[in-house]
Amino acid sequence: MITAQRNPAGPTPAPGDGPAQKPPTGQAAVLEPVGGRAVVAKPPTGPPAVGPPTTLPATTLPGTVQPSNTLPGTARPGTVQPPATRPGTVRSSTARPGARASGRFGAVRVARRQHGLATRHQLTTAGVPGGTIASRTRPGGPWQRLLPRVYLLQTGPPDPRRRALAAVLYAAEATADPLSGDTAVLTGGAALALLGIRDTPTSPADVLIRAPRRLAAAPGVRTRATSRWPRTMTVSGVPTARPVRAAADFAARTEPGAPPDRIRSVLAQVVQAGWCHPHDLHAELRASRLLHRPAVRAAAAELLAGVRSVAEGRARDTLEATDLPTPLWNARLHTSDGAFLASPDAYWPDEGVALEVDSAEYHYTRDAWQATLRRRLRLESHGILVVSATPSMLRDTPAEVLAALRTLLALAGSRPTPPTARARGHQQLTLFPAKG
């Protein structure tokens, strides 16, 4: 440290000079350090002095930053040089690092919630360049182009669920969330197949869009503009119409050359599985203006009567061609104390006679066969006479089945003990609570 001491009388004159003079006003005062090194102090406040500029030594003023490539004493007083770049850092005017990785992670986030699928709009919005999409969907690449602007971000063949969702992604508006079901929704056979309904074709996939929007055709996709937007649900991650609307749209799109019992089978399965009530399905078919078609009208009438399968429908056709009384179909039988007993396919309550149509598909496994026998024992223990037949017997030898029914119906009046079970037919479900 340099210790400076101010000389009140000014600088000490050299030998032979005159008396010491006080520095003029505005000129820098000179401090006389102990070591003999001169230091220039800040001039006092006042008008600037006239004279030559003061030359600074190697030490700069406080607050002045000396750059490393500047010689000491060459920087102007009060100037501040920018700090040097840290070693190892690189400055560039291009995009910030990590943009490409950000686009890749964005594509992964989009595909994760859509079973590995993404649209072109979603990928570009996530930061994936168009060139990357083109290179990855080339033959042998890691991505697949399933439909126009719809990609599967993995290898391997897509399953029916992914194909159904791809159809919805294709039909949905680009800026909308395709999983919301607001602009596109799956319906018809493809939607029913996701629910486990058999005999429903999954291709082409029927997709509803809002009218008056129109969309170009695509392989495996069949769009239909509608002004009656349905209530929707999500099945296995795919937005679909409610089963009652999907069943009506399936009936509307079934070709005339399809198997004659296809509509009957599909509509019966939807009701049998509990996806909708037969009265609600009948109302939807009427709203869709489909009841003028003979096959649809016949299937709807069977469901209202209580029929729940094709085999039961054929049995009903056979019985209607005779003079036998009309039975109750799939009526729920209860004991005198209110306990549920069984639900036979056809039941004559006045005579206490039941008809069971047991198909091999549902009744001939070991557990199912035992359950069928136990149900028959419960019915007979409450005084109900049972006739069992298979669908093939009703189709090939209906006379034998009708003869057995006639015999039991005739014996019912002479039985000393009437049946103790009570039948309850189908009733309309309460869909909405009553007001007030």
Side-chain angles (χ1 to χ4, degrees), residues 114-115 117-121 144-152 157-174 176-260 262-267 269-270 275 281 284-285 287-290 292-293 295-296 299:
Q114 296 178 171
H115 300 310
L117 296 167
T119 64
R120 185 178 184 85
H121 178 79
Q144 304 177 57
R145 179 182 177 274
L146 298 185
L147 291 169
R149 306 182 304 278
V150 180
Y151 307 97
L152 176 60
D159 56 10
R161 179 185 59 178
R162 288 186 172 90
R163 290 197 177 277
L165 181 57
V168 175
L169 296 180
Y170 167 74
E173 294 184 3
D177 181 10
L179 300 184
S180 64
D182 293 334
T183 60
V185 65
L186 190 71
T187 189
L192 296 177
L194 293 178
L195 299 175
I197 304 300
R198 302 181 310 277
D199 301 329
T200 53
T202 58
S203 182
D206 293 319
V207 182
L208 296 177
I209 58 177
R210 292 185 182 271
R213 182 168 169 254
R214 291 293 183 267
L215 194 63
V221 181
R222 189 167 51 182
T223 59
R224 176 190 174 190
T226 179
S227 58
R228 283 196 319 119
W229 197 251
R231 298 178 64 185
T232 63
M233 59 188 294
T234 300
V235 181
S236 300
V238 182
T240 68
R242 293 293 180 95
V244 62
R245 176 63 179 272
D249 290 338
F250 166 79
R253 291 300 184 97
T254 301
E255 301 295 336
R262 173 169 289 180
I263 292 179
R264 172 189 261 181
S265 173
V266 171
L267 298 185
Q269 289 181 66
V270 173
W275 291 114
L281 180 57
E284 182 64 35
L285 294 173
S288 301
R289 300 179 180 178
L290 296 174
H292 69 279
R293 301 184 182 182
V296 177

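Below, all heavy atoms of this structure are taken into account, side chains as well, without hydrogens, waters or symmetry copies. Quick caveat: nothing in here was measured; it's all calculated off a predicted structure.
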Look up atom [atom1] in [X] and atom [atom2] in [Y], then write down how far apart they are to the nearest 0.5 Å.
X	Y	atom1	atom2	value
Leu208	Thr240	CG	OG1	10.5 Å
Thr183	Ile209	OG1	CD1	9.0 Å
Leu195	Arg242	CG	CZ	11.0 Å
Leu165	Leu179	CG	CG	6.5 Å
Leu169	Tyr151	CG	OH	12.5 Å
Leu215	Arg224	CG	CZ	15.5 Å

I need the minimum non-hydrogen distance between [X] and [Y], along with the two atoms involved.
X	Y	result
Ser227	Ala211	N-CB, 4.1 Å
Ala251	Leu285	CB-CD2, 4.5 Å
Pro243	Leu192	O-CD2, 4.1 Å
Thr223	Ala171	CG2-CB, 4.2 Å
Gly188	Asp249	N-CB, 4.1 Å
Arg214	Ala225	NH1-CB, 3.1 Å

>> Taking side-chain contact (heavy atoms from CB on, under 4.5 Å) as the definition, give me every residue that meets it alongside Ala295, ordered by chain and number, with sequence neighbours left out.
In response: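 With sequence neighbours excluded, Ala295 shows a side-chain contact (heavy atoms from CB on, under 4.5 Å) to Ile263, given in chain and number order.
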
>> Restricting to side-chain contact (heavy atoms from CB on, under 4.5 Å), what partner residues turn up for Arg162, sequence neighbours left out?
In response: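 If we apply the side-chain contact (heavy atoms from CB on, under 4.5 Å) test to Arg162, skipping adjacent residues, the hits are His115, Leu117, Leu152, Gln154, Pro158, Asp159.
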
Taking C-beta and beyond as the side chain, do [X] and [Y] meet within less than 4.5 Å on heavy atoms?
X	Y	result
Asp206	Leu186	no
Val221	Leu147	yes
Arg198	Thr200	no
Arg245	Arg231	no
Arg210	Glu173	no
Phe250	Arg262	yes
Gln114	Pro178	yes
Ile197	Val266	yes

> With sequence neighbours left out, what residues match Ser265 under side-chain hydrogen bond (donor to acceptor under 3.5 Å, both in side chains)?
Replying inline: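 Expected list: Asp199, Gln269.
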
> Between Trp229 and Val185, is a side-chain contact (heavy atoms from CB on, under 4.5 Å) present by the stated rule, with each step listed?
Replying inline: CA-CA 9 Å; Trp229 197 251; Val185 65; 3.9 Å; yes

> Is it true that the side chains of Arg228 and Ser288 contain a donor and an acceptor less than 3.5 Å apart?
Replying inline: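 The answer is yes; a qualifying pair exists.
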
